[in-house]
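A short write-up of the structure that comes next.
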Amino acid sequence: MDAASASPLRNRIWPFVAIVMLQVLLASGSIYVLSAVRAFVAGESQWSKAQKDAIHRLDHYIVTGDRQSYDRFREALQIPQADQEARELLETPDPDMDKVFDAVVRGGNHPEDAGALVWMLRNFQHHALLEEPLNHWRVGDRYLHDLAVLAEEVRDRHENGNEPDAPSVQRWQRALQDIDAGASPAASDFSEAMGRSSRRIVAWLLWLNGTTALVLVALALWQRRRVRLHRRRSADALAEERARGDATLAAVADPLLRVDAQGRIEAANPAAERLLGRTAPALQGQAVEALLAFAPEAGVPDAEPVTRQWLARLLHGAPFPGADRIHHLYPPAGPPLPVRLGGGPLLRDGVSTGAVLTLHDSRREEQASQQLDWHATHDALTGLLHRQAFIAEMAAVLEQHRAANAAGGLLHLHLDALKAVNEAHGHMAGDELLASAARVLQAEPNTQALPARLGGAEFAVLLPGSRTAVQEAAERLGTALRNMEVPWHTDRLRTTASIGMAYLTADVVTVEEALEAARQACSAVRRQGGDGVGPLITTGKPHSPGPRPA
């Protein structure tokens, strides 16, 4: 290609390159900002959880004087204190960034999230997006200070050998309750404010990316118009390129057919030969309409032949209206093949002399689409429905219950040993335990059972049937999980399960009502030491007599 021809090509390409690069930068920046927001929200969760844990541990230490409870209180308190330290360092004129990063990590944040979190705090702490959440956070800091002061007073009394009297214990507990009563609303207000800020950030990013996308579309339309102007010049050189085109046909992986203006085959590449079960010489002169049979979906072929429409449009230089959808080709042998149709006219002096027909094999695209659909609704580790998909399925089932005046059960399962397995053998062992537990749930004899993973060590199973059937299923699953052995190197991993049951009558109002009932039942079993099935809790109004699923 000489310099004269290369220059127009560069002029046509550079706008696309520039806008695509801009879109990439915007997308990368958007992902980074969203990652920072996610890290911020996750950090708040760690802070709030640690604060609650510290109050609980201190309460236990006040009553018992157990040194281990005090040590655990200090461990829990270090998380929100580290977050406070990081934020206060960033508010100084010249913060020591190494100390800031260290404090952020000590605050329970993942090291890979620390960079985004620090960036967001440093650059937006005085912006309206973060100002309100940070103000709530600072309110919580004051209660952390009060909590630490109270803890030191209790520790001094316990460790000096002076057994605290009942009035002192009561005074400490009242002070602890006051701290909890003030810190909890501050944490809740912070979470709500951060939620509002994150939604505003997402809205801004969507607007920015959407505007850029519109610019790209406008540029594409403008460029398409320019391409049409150049197409006439290219048509003159088409005849000279036909010989080269024959060699190109053989190298293309998709089936290609070159036909004349009457729709008779002039040339076919090897992929087309294999598809039609004939050699290229045997195909020459054959009417393409008689060789290709299509259907929009696997089933009865089209009433109006797709091939005729496809060829007629291409021969007249018009785009084929069905090119974007998948057609099912019926080859001489084998099952229907999903293909996308394409091609273009062959012109000489502006007059159509034939067309090139392409059939792109779309089996991989269909498989990829199916995989994407599966991952959108399933937990990647266990293969079960994830929480959101399970909630949607459960909502549909409850609607059916109301319509049919039917009932069923919901089991909430917690793997008691998952935390211990993670600590003793690592998270890969814990993942294997979760996957094995999922297989146990999938093996439930009731084929209508719907298992799901809610997150962490939590699972759920939705069951149709009577109260007895639900109770029997819970006992059966509890026994199966208790007897499950998971080989792990030289060890065997075992677990028990805490199982809560909720019986869902036709009067259950919401999915949340049902899930909360089963969760509370499971929590009651866990508080009693786990490894058991709790009593069956009935949700909604008493179920009126009527037919129930078998």
Side-chain angles (χ1 to χ4, degrees), residues 41-61 66 68-80 82 105-113 379-384 386-387 390 411-441 451-461 474 477-500 515-516 518-534:
V41 173
E44 183 276 333
S45 176
Q46 293 285 346
W47 165 58
S48 179
K49 179 180 178 182
Q51 173 185 285
K52 287 289 186 184
D53 192 38
I55 291 173
H56 172 73
R57 296 297 181 185
L58 182 56
D59 182 56
H60 189 265
Y61 180 62
D66 178 23
Q68 187 176 13
S69 295
Y70 179 80
D71 293 338
R72 291 184 177 178
F73 159 77
R74 294 304 307 176
E75 291 175 3
L77 190 62
Q78 284 177 1
I79 292 177
V105 173
R106 284 190 286 109
N109 300 284
H110 196 281
E112 293 182 2
D113 292 336
D379 175 55
L381 174 62
T382 62
L384 301 180
H386 58 49
R387 185 182 188 91
F390 180 71
L411 307 183
H412 188 110
L413 302 92
H414 177 273
L415 299 186
D416 300 323
L418 179 62
K419 182 178 179 182
V421 168
N422 282 336
E423 292 175 349
H425 301 280
H427 285 276
M428 292 183 66
D431 289 347
E432 186 62 28
L433 186 69
L434 288 168
S436 299
R439 289 191 288 271
V440 169
L441 300 185
R453 184 187 179 197
L454 302 181
E458 309 292 336
F459 293 85
V461 181
L477 289 174
T479 301
L481 290 170
R482 189 182 305 112
N483 296 334
M484 178 182 70
E485 292 186 355
V486 182
W488 184 256
H489 301 303
T490 59
D491 296 325
R492 289 186 176 276
L493 309 178
R494 296 179 176 84
T495 187
T496 57
S498 300
I499 303 177
L515 286 171
E516 180 61 19
R519 187 194 67 78
Q520 290 182 1
C522 177
S523 297
V525 177
R526 293 179 64 189
R527 286 194 296 270
Q528 296 174 4
D531 188 15
V533 178

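Remark: of the listed residues Leu418, Leu384, Asp379, Leu418 is the sole one forming a side chain to side chain contact (heavy atoms under 4.5 Å, CB included) with Leu434.
Side-chain contact between Leu413 and Leu441 is present, with heavy atoms from C-beta onward closer than 4.5 Å. With a 4.5 Å cut-off on side-chain heavy atoms, Leu454 and His386 do not count as touching. At least one side-chain heavy atom of Met484 sits less than 4.5 Å from a side-chain heavy atom of Thr495. Looking only at side-chain heavy atoms (C-beta outward), Arg453 and Phe390 stay at 4.5 Å or farther from each other. The closest side-chain heavy-atom distance from Leu415 to Phe459 is below 4.5 Å.
Closest of all the heavy-atom pairs between Ala429 and Leu493 is O-CD1, 3.6 Å. Taking all atoms of both residues into account, the shortest heavy-atom contact from Gly430 to Val421 is N-CG1, 3.8 Å.
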Residues Trp488, His425; criterion side-chain contact (heavy atoms from CB on, under 4.5 Å); working and verdict
CA-CA 9 Å; Trp488 184 256; His425 301 280; 3.9 Å; yes
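At a threshold of 4.0 Å, the pair Arg494-Glu485 counts as salt-bridged, since one of the basic side-chain nitrogens sits closer than that to a carboxylate oxygen.
Residues passing the side-chain hydrogen bond (donor to acceptor under 3.5 Å, both in side chains) test with Glu423: none are found, sequence neighbours excluded. Contacts of Val525 classified as side-chain contact (heavy atoms from CB on, under 4.5 Å), with partners at least two apart in sequence or in another chain: Ser498. With sequence neighbours excluded, the residues forming a side-chain hydrogen bond (donor to acceptor under 3.5 Å, both in side chains) with Arg526 are His414, listed by chain and number. Every residue two or more places apart in sequence or in another chain was checked for a side-chain hydrogen bond (donor to acceptor under 3.5 Å, both in side chains) with Asp491, and none qualifies. Evaluation of the side-chain hydrogen bond (donor to acceptor under 3.5 Å, both in side chains) rule for Arg74 yields no partner, not counting sequence neighbours. When the side-chain contact (heavy atoms from CB on, under 4.5 Å) test is applied to Ala474, the partners found at least two apart in sequence or on another chain are Leu411, Ile499, Met501, Val533. For Thr496, the side-chain contact (heavy atoms from CB on, under 4.5 Å) partners are Asp416, Arg482, Asp531, not counting sequence neighbours. By the side-chain contact (heavy atoms from CB on, under 4.5 Å) test, Gln520 is found to be paired with Glu516, residues two or more places apart in sequence or in another chain being considered. In terms of the salt bridge (charged side-chain N to carboxylate O under 4.0 Å, His left out) criterion, Arg527 has no residue partners (sequence neighbours excluded).
Residue pairs meeting the salt bridge (charged side-chain N to carboxylate O under 4.0 Å, His left out) criterion with at least one partner in residues 428-440, sequence neighbours excluded, are Glu432-Arg439.
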